[in-house]
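For ligands, and for the atoms within them, numbers begin at 1 and follow the listed sequence. Residues take their numbers from the sequence shown, with the count starting at 1.
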Amino acid sequence: MNAIEDCVRLAPLHNPANLMGIRACQKAVPGVPQVAVFDTAFHHSIPEHAYIYPIPYKYFEENDIRKYGFHGTSHRFVSAKAVELLGGKAEGTKIVTCHLGNGASLAAIKDGKSIDTTMGVTPLEGVPMGTRSGSIDPAIVEIIASIEGIPATDAVNVLNKKSGVLGVSGISSDFRDLETAAGLTGKPPEDPEKAHRAKLALDVYNYHVAKFVGSYIVAMGGVDAIVFTAGVGENSSNARLGICNNLKGIGITIDEEKNKSRDYDDYMEITASGSNAKVFVIATNEELVIARDTMAIIK
Ligand code: AMP
């Protein structure tokens with residue numbers, strides 16, 4: 001609990017709430033062991049050159065500013081499943097996992113270990129999300145602060161809460177609403193201007209996700225499999241197709257009919273024949289990982 005307290009400066013929104021939960025459980029069920037599972041843990045294998053930001057080194061040395069990454073429990077679960085589908089031996093495998101939910105992050109998983117991930121010291125870095133901008137020119141913080149006459153912390157709030165696909169579309173952070181507005185769900189769009197903005201938001205999203213997939217293929221020196229998971233990754237065939245359309249140039253293609261299928265339990269393969277890498281949709285199960293880790297630690 002002291003260690004979690006010490007990290008409040010790095011996770012001011014999450015850690016105090018988590019400590020409150022631990023204390024409440026201590027009161028409600030005294031003597032029952034508690035286990036804390038950290039979504040950053042799986043990313044501890046990221047090498048120094050990938051977690052160090054190109055800013056003055058003292059911020060790392062004195063203030064622990066480095067890439068930590070999040071969604072580790074999910075990246076760990078789906079990458080382990082992908083390793084199983086690739087033959088069962090983690091050694092030698094290169095996997096890009098795309099956890100695309102309301103929050104979203106990608107990870108490069110080499111030999112079963114995370115070697116890079118898109119989220120950073122906070123969950124704001126990386127791909128565009130429901131309401132978060134992901135990686136942008138950092139000078140935009142100062143520009144927004146100056147336009148709105150607000151402090152930098154409030155400008156960062158704009159990037160966390162009012163940006164991403166919500167910000168671009170002006171409609172919603174929910175991909176179902178955007179797909180409906182863009183006319184991707186079978187019915188023609190109601191409003192052409194809204195349809196354009198919804199489609200633009202989805203295009204921006206797909207483009208950035210695909211660019212990060214490409215960068216992780218470079219980071220690993222190749223790729224065996226790409227995995228889609230979480231709310232958008234598991235349910236939106238449009239998002240998967242839109243992202244993979246951006247990967248055609250490097251020979252990664254999906255079977256559009258298989259991609260449309262919703263008839264799967266834990267996973268489905270949507271790879272097209274001749275694709276340079278396999279493409280899987282895998283239902284994530286963070287709760288199971290947490291339960292297994294808890295059992296292992298308690299025992
Ligand atoms: P998560 O954070 O993993 O629970 O993902 C939630 C997000 O998944 C929602 O905000 C939606 O944008 C998206 N989502 C859920 N179901 C669908 C669906 N059937 N089609 C498109 N997007 C979906």
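Checking G231, G103, A104 against atom 14 (N) of ligand 1, the nearest heavy atom belongs to G231.
Here is the list of ligand 1 atoms found below 4.0 Å of a heavy atom in G101: 1 (P), 2 (O), 3 (O), 5 (O). Atoms of ligand 1 lying under 4.0 Å from any heavy atom of S236, numbered from 1 in the order shown and given with element: 21 (C).
The nearest protein atom to atom 13 (C) of ligand 1, hydrogens excluded, is given as V232 CG2, 3.6 Å; this is a heavy-atom distance. Closest to atom 20 (N) of ligand 1 among all protein heavy atoms lies R176 CG, 3.5 Å. Of the protein's heavy atoms, N235 CB, 3.5 Å lies nearest to atom 19 (N) of ligand 1. Remark: minimum distance from atom 11 (C) of ligand 1 to any protein heavy atom is reached at D174 OD1, 3.3 Å.
Taking a distance limit of 4.0 Å, we find that atom 4 (O) of ligand 1 is approached by no protein heavy atom.
At least one donor-acceptor pair under 3.5 Å links the side chain of N206 to the backbone N or O of L202. In this structure, the side chain of S275 does not engage the main chain of K278 through any donor-acceptor pair within 3.5 Å. Although no hydrogens or angles enter the test, the distance criterion places no donor-acceptor pair under 3.5 Å between the side chain of T73 and the main chain of E286.
Under the 6.0 Å distance and 45° angle rule, R262 does not count as a cation-pi partner of Y264.
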| field | side-chain hydrogen bond (donor to acceptor under 3.5 Å, both in side chains) between H99 and S105, intermediate numbers included | value | CA-CA 5 Å; H99 177 105; S105 70; 6.0 Å; no
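Between N102 and ligand 1, at least one pair of N/O atoms sits closer than 3.5 Å. Between F175 and ligand 1, an N or O atom pair is found at a separation short of 3.5 Å.
F70 meets the ring pair (Phe, Tyr, Trp, His ring centres under 6.0 Å) test with no other residue; sequence neighbours excluded.
Looking at I252 and V223, their side chains come closer than 4.5 Å, going by heavy atoms from C-beta outward.
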